[in-house]
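Because only heavy atoms are used, hydrogens play no part in the values below, and waters and symmetry mates are left out as well, while side chains stay in. All values reported here derive from a predicted model rather than from experimental measurement.
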Amino acid sequence: MVSQIDQLQLIAQKDRSIDVPTSVRDFVAASVADNSRRAYTADLRRFSSHGGALPSDSTAVAVYLAQHADTHSISTLRRWMASLSKAHIAAGYPDPTKMEPAKSTLRGICRNRGEAVHNAAPLLRDDIFAVLDEIGSGIRDVRDRALLLIGFAGGFRRSELVGLDVSDIVFVRRGLVINLRRSKTDQAGIGREIGIPLGKTRHCPVSALEDWLRVASIESGAVFRPVDRHSHVGAGRLSGEAVSVIVKERVAAVGIDPGRYSGHSLRAGFCTSAAQAGVSSWKIRQQTGHASDAMLARYIRSAELFDGNAAGAVL
């Protein structure tokens with residue numbers, strides 16, 4: 001069996017094309033997740049191709065941001081800053097992104113662009129019920145029903161959802177227990193258990209998952225898999241992007257604008273719906289794995305928009 005250290009060394013060797021110190025390559029290799037590793041590597045390579053180097057000074061970073069202010073989104077520029085920050089810290093260099101003029105340059109770009117943060121719309125309880133009511137009985141329908149319900153009930157990120165294996169799931173008298181082996185906020189792989197209770201409505205996540213595993217004859221390996229146009233179930237696992245596609249397709253089928261939705265809509269919808277139902281923030285966090293109440297704040301604020309609303313008292 002290849003050890004974790006050996007795996008990281010192999011990953012680091014794949015990133016030799018980027019001309020940065022070994023310590024930075026090691027950091028990229030051991031990054032929080034494969035997707036993050038690829039993003040950091042690409043960001044550092046882009047910076048290098050535009051004349052940047054490590055260590056860099058704040059002025060060079062500011063110039064780099066200004067050169068791309070009109071061609072890239074603010075979220076992309078922020079990610080570039082984060083990548084450069086992490087790379088410098090990992091290599092033991094001063095962080096130029098926390099100094100002037102880099103800080104003011106990004107702030108100025110944000111003010112000039114006036115770009116708002118566009119979060120995925122939450123797929124709320126009533127909306128997901130409307131979607132589920134229109135889903136058919138074909139094998140792809142059975143899979144999508146299970147995926148939507150488990151994704152919603154568990155408050156899962158799409159990467160967590162598609163990463164589930166049959167061995168991670170235990171059916172118990174009151175529902176099922178999912179062992180989430182790794183997540184965005186648990187890169188050490190400590191894991192945590194998530195309970196999915198039997199549903200009290202017409203849409204039960206536990207029954208939906210049982211139906212999918214039975215119909216697809218899945219006894220081991222990936223839980224959620226591709227289904228081709230001939231209704232053949234693949235051996236591999238769905239991609240995270242496939243979850244977004246499924247959500248968009250299913251909401252569009254009931255007349256909801258799919259442009260506002262993504263794979264994150266299941267997690268956002270669960271948080272918002274739970275807050276609307278009066279569930280305490282710590283119980284929501286117990287299900288979703290959010291690190292703090294601050295991370296849940298935007299969902300709770302959304303849920304409370306109409307509670308005691310001043311306009312409702314006078315109109």
Nearest heavy atoms of A62 and T105, plus distance in Å: CB-OG1, 3.3 Å
Any I196 side-chain heavy atom under 4.5 Å of L209 side chain: no
F224 and W212 aromatic ring geometry - parallel, tilted or perpendicular at 30°/60° bounds: parallel
Heavy-atom closest pair, residues S58 and P101: OG-N, 3.3 Å
Candidate list L266, L132, V206, test side-chain contact (heavy atoms from CB on, under 4.5 Å), partner L149, passing option: L132
Salt-bridge contact R181-D165 (side-chain N to carboxylate O under 4.0 Å): yes
Minimum side-chain heavy-atom gap E219-V166 below 4.5 Å: no
Gap separating the CG atom of L147 from the CZ atom of R225, nearest 0.5 angstrom: 14.0 Å
Spatial distance of atom CD1 (I169) from atom CG (L176) [nearest 0.5 Å]: 6.5 Å
With V131, the side-chain contact (heavy atoms from CB on, under 4.5 Å) member among V247, D126, D144, V251: V251
Check: P258 and E249 side chains under 4.5 Å, non-hydrogen atoms: no
Close side-chain approach of L238 to P226, heavy-atom, < 4.5 Å: yes
Q287 side, atom CD; R192 side, atom CZ - distance, nearest 0.5 Å: 7.5 Å
D133 side chain near V254 side chain, heavy-atom distance below 4.5 Å: no
V61 side chain reached by W80 side chain, heavy atoms, under 4.5 Å: no
Shared hydrophobic cluster, V279 / L198 (ILVMFWY, side-chain heavy atoms < 4.5 Å): yes
Greater than 12 external heavy atoms within 6.0 Å of D228's CG: yes
Cluster link F171 to I194, ILVMFWY, side chain under 4.5 Å: yes
S56 and Y64, any side-chain heavy atoms less than 4.5 Å apart: no
Non-hydrogen atoms of A208 and A146 that approach each other most closely: O-CB, 3.5 Å
Value rounded to 0.5 Å, distance of CZ in R267 from CZ in R158: 13.0 Å
Residues, nucleotides or ligands: over 12 heavy atoms within 6.0 Å of R78 CZ: no
Salt bridge present between D257 and R260 (N-O < 4.0 angstrom): no
Whether H72 and H68 hold their rings parallel, tilted or perpendicular, with breakpoints at 30° and 60°: perpendicular
Donor + acceptor pair across side chains of T76, R79 (<3.5 Å): no
D141/R250 salt bridge by N-O under 4.0 Å criterion: yes
T272 side chain vs G269 backbone, donor-acceptor pair below 3.5 Å: no
Step-by-step side-chain contact (heavy atoms from CB on, under 4.5 Å) determination, H203 to I128: CA-CA 10 Å; H203 297 299; I128 198 170; over 6 Å; no
Nearest non-hydrogen partners of G236 and A222, listed with the distance: O-CB, 4.1 Å
Closest non-hydrogen atom pair between P94 and M99, with its separation: CB-CE, 3.6 Å
Distance, nearest 0.5 Å, that separates CD1 of I178 from CD of E160: 10.0 Å
Under 3.5 Å: donor-acceptor pair, side chain of S273, backbone of L124: no
Side chain proximity check, D211 to R145, heavy atoms < 4.5 angstrom: no
Salt bridge present between D43 and R46 (N-O < 4.0 angstrom): no
Shared hydrophobic cluster, V215 / V233 (ILVMFWY, side-chain heavy atoms < 4.5 Å): yes
ILVMFWY network linking V245 to V142, side-chain heavy atoms under 4.5 angstrom: no
Euclidean distance, I74 CD1 relative to I109 CD1, rounded to 0.5 Å: 7.5 Å
Closest non-hydrogen atom pair between P197 and P205, with its separation: O-CG, 4.0 Å
